[in-house]
Amino acid sequence: MVNRIPFPQAGLDEPEISSIMKLESNADVDWRGGRLPGFYVHFANDEVDRVGKAAFERFHATNALGPSAFPSIAKFKADLVGWALSLFHAENGAASVTSGGTESIFIALKTARDWAKVNRPEVTRPRMVISHSAHPSFDKAANYLGLEVVRIKPRSDFRTDIDALKSALDDQTIILAGSAPQFTIGVYDQISELAAFAESRNIWFHTDACIGGFLAPFAEQNGHQIPPWDFRVKGVKSISADLHKYGFAPKGASIVAFSSAEYRKYQTFEFDNWSRGRYITETFAGTHSGANIAAAWAVMRFLGNEGYCGIAEQIWRVREKLIREIPRIEGLFIYSNPELTVMSYGSNTQNINDIAAGLAQNGWYTVTPSPTPPAINLGIISLAFGEVVDEYLNDLRDIIAQLKAGDTFFDSSLLGSYGDQQAKGT
Ligand SMILES: Cc1ncc(COP(=O)(O)O)c(C=O)c1O
């Protein structure tokens, strides 16, 4: 049951509101202190933060449903999608700004489903086959869209088991997808192979680059080897890439991009049986703020290619340190071969839950380890973490030493969670 709360009779003045909000935020994680490695808050630096915030405030009242009323937002949107198409090497593509990775994936799958109605007319039970490592937003979208999902076990290096995927196909399969990279282990699925196979079977292929989409192009320019994932890969029809992750835009901004503008007709929702006339939208929301679009534009324009390359290199240095130092700690190992800047580590001497509880007790916001495989997920999603990474490694060494000594108990009740575990209620 959700409690009813009497609606307040009188209003409060601004200072009172401000002091209540300050008090309430005291329990929030200290994200600026960098003590939440890998979850929830992407952060580049204070300047970038300021630029995004100022734009957010300036455009707070705009409504992106009405580009004719707010040509500023239309222009920012056009730039964002144009920039994304060029970063992703689309030749004749199309793209939209959405509210986040989940919505981008939703719009990509909706487009694929409606594409299949025309291009795979024999299909009556549309189906998608994905690896177990794909983000849950695929199933969430599929649930809303009436698609069946089959998840297959990954290979031992956590990439897609392509043989298993082929065996799981049937004549109703209309979508395949791969992650670039996967959320937890940080490896890339074999996008080239999967996309080529999908194309040979007239199946839609989606690359989920929610994490890597706005980091990989710059890491690649810095000379790092990034597995193929974008529209240079034949057969990739859509890409999700989050501006609010490595684009460092305030939350509520992502891109869904298509290899061809021809898919636009399957993407848009158009309705003409309403007293006000024709209504068309390209994404899920009706009314939605233009503030996050303006803020994403401001951050991208502020940083430019040079700024993003610089930040990518700073992040890369932290990644190298973690990949070098974690396996030097007794019993710890990093799973597979993380190819960007998210990774997962496990232990062959200690219970991973105890290590996670130890980190939480040392003031690191840590979510419960993933079960398959048993791992603590780590990502350099914030350069605030880069400022304290040595402290993290020292704490990790101490925790392992204490667990080995066997006289310390860490309290797992301090562990956080990924997603809203309270949403279900009772
Ligand atoms: C690989 C991947 N895809 C999709 C998503 C969903 O993105 P969002 O939380 O912005 O909806 C995430 C989120 O972390 C992700 O890591």
Side-chain angles (χ1 to χ4, degrees), residues 31 36-43 80 84 88 96-110 128 130-144 149 151 154 158-160 175-191 194 205-216 226-227 229-230 236 238-257 283-285 288 292-293 295-296 315 336 338-344 365 367-368 370 375 377-382 385 416-421 423:
W31 61 268
L36 79 163
F39 283 86
Y40 295 136
V41 180
H42 283 251
F43 171 78
L80 287 172
F88 306 164
S96 296
V97 182
T98 70
S99 63
T102 301
E103 189 185 354
S104 287
I105 288 169
F106 177 90
I107 294 296
L109 300 193
K110 181 259 188 253
M128 167 168 68
I130 50 177
S131 186
H132 190 240
S133 57
H135 192 271
S137 45
F138 280 96
D139 288 66
K140 182 175 181 176
N143 180 283
Y144 289 9
V149 187
R151 283 187 174 243
F158 301 99
R159 294 184 176 83
T160 301
I175 302 168
L176 299 180
S179 305
Q182 299 172 8
F183 180 26
T184 57
I185 304 295
V187 294
Y188 277 62
D189 286 314
Q190 311 91 309
I191 303 296
L194 288 165
F205 185 81
H206 178 79
T207 299
D208 179 12
C210 279
I211 295 178
F214 288 104
L215 180 60
I226 309 290
W229 62 278
D230 59 20
V236 171
S238 54
I239 291 176
S240 46
D242 290 351
L243 293 160
H244 65 199
K245 291 193 172 73
Y246 283 112
F248 298 109
K251 277 171 274 301
S254 171
I255 294 283
V256 58
T283 54
F284 192 85
H288 57 291
N292 29 16
I293 295 168
I315 294 172
S336 195
E339 284 157 313
L340 204 69
T341 50
V342 294
M343 60 192 79
S344 285
Y365 178 86
V367 304
T368 45
S370 10
N377 316 136
L378 193 60
I380 311 106
I381 68 169
S382 165
F385 175 56
S417 56
Y418 179 59
D420 183 358
Q421 300 294 334

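One-based numbering, in listed order, for ligands and for the atoms of each. For the single chain, residues carry numbers from 1 onward in sequence order.
No side-chain donor from either of Ser104 and Ser240 sits under 3.5 Å from a side-chain acceptor of the other. In this structure, a donor-acceptor pair under 3.5 Å is absent between the side chains of Ser179 and Asp208. Looking at Tyr418 and Thr368, their side chains never bring a donor and an acceptor atom within 3.5 Å of each other.
Contact analysis puts Ser137 in contact with ligand 1, with a non-hydrogen atom separation below 4.0 angstrom. The shortest heavy-atom distance from His244 to ligand 1 is under 4.0 Å. Under a 4.0 angstrom heavy-atom cut-off, Lys245 registers as being in contact with ligand 1. In this structure, Tyr418 is part of the shell of residues with a heavy atom less than 4.0 angstrom from ligand 1.
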**Request:** Verify ring-ring contact (aromatic ring centres under 6.0 Å, His included) between Phe385 and Phe39, making sure each step is shown before the conclusion.
**Result:** CA-CA 11 Å; Phe385 175 56; Phe39 283 86; over 10 Å; no
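Two rings, from Trp31 and Tyr365, have their centers 6.0 Å or more apart.
Ring pair Phe138/His206 is perpendicular by interplanar angle, where above 60° counts as perpendicular and below 30° as parallel.
Ligand-side atoms of ligand 1 in range of Phe183: 16 (O), range being under 4.0 angstrom from any heavy atom. The contact set between ligand 1 and Cys210, taken as ligand atoms under 4.0 Å from a residue heavy atom, comprises 2 (C), 3 (N), 4 (C). The ligand atoms of ligand 1 that sit less than 4.0 angstrom from a heavy atom of Asp242 are 7 (O), 10 (O).
Put simply, the side chain of Thr283 never gets that close to the backbone of Thr98: no donor and acceptor are under 3.5 Å apart.
In terms of protein heavy-atom proximity, atom 15 (C) of ligand 1 is closest to His135 CD2, 3.5 Å. Here the heavy atom of the protein found nearest to atom 11 (O) of ligand 1 is Thr102 OG1, 2.5 Å.
Of the candidates Ser344, Pro154, Pro338, Ser344 is the only one forming a side chain to side chain contact (heavy atoms under 4.5 Å, CB included) with Ile185.
Below 3.5 Å of separation, one finds an N or O of Asp208 facing an N or O of ligand 1. For ligand 1, the polar-atom distance check against Ile105 finds no nitrogen or oxygen pair separated by under 3.5 Å.
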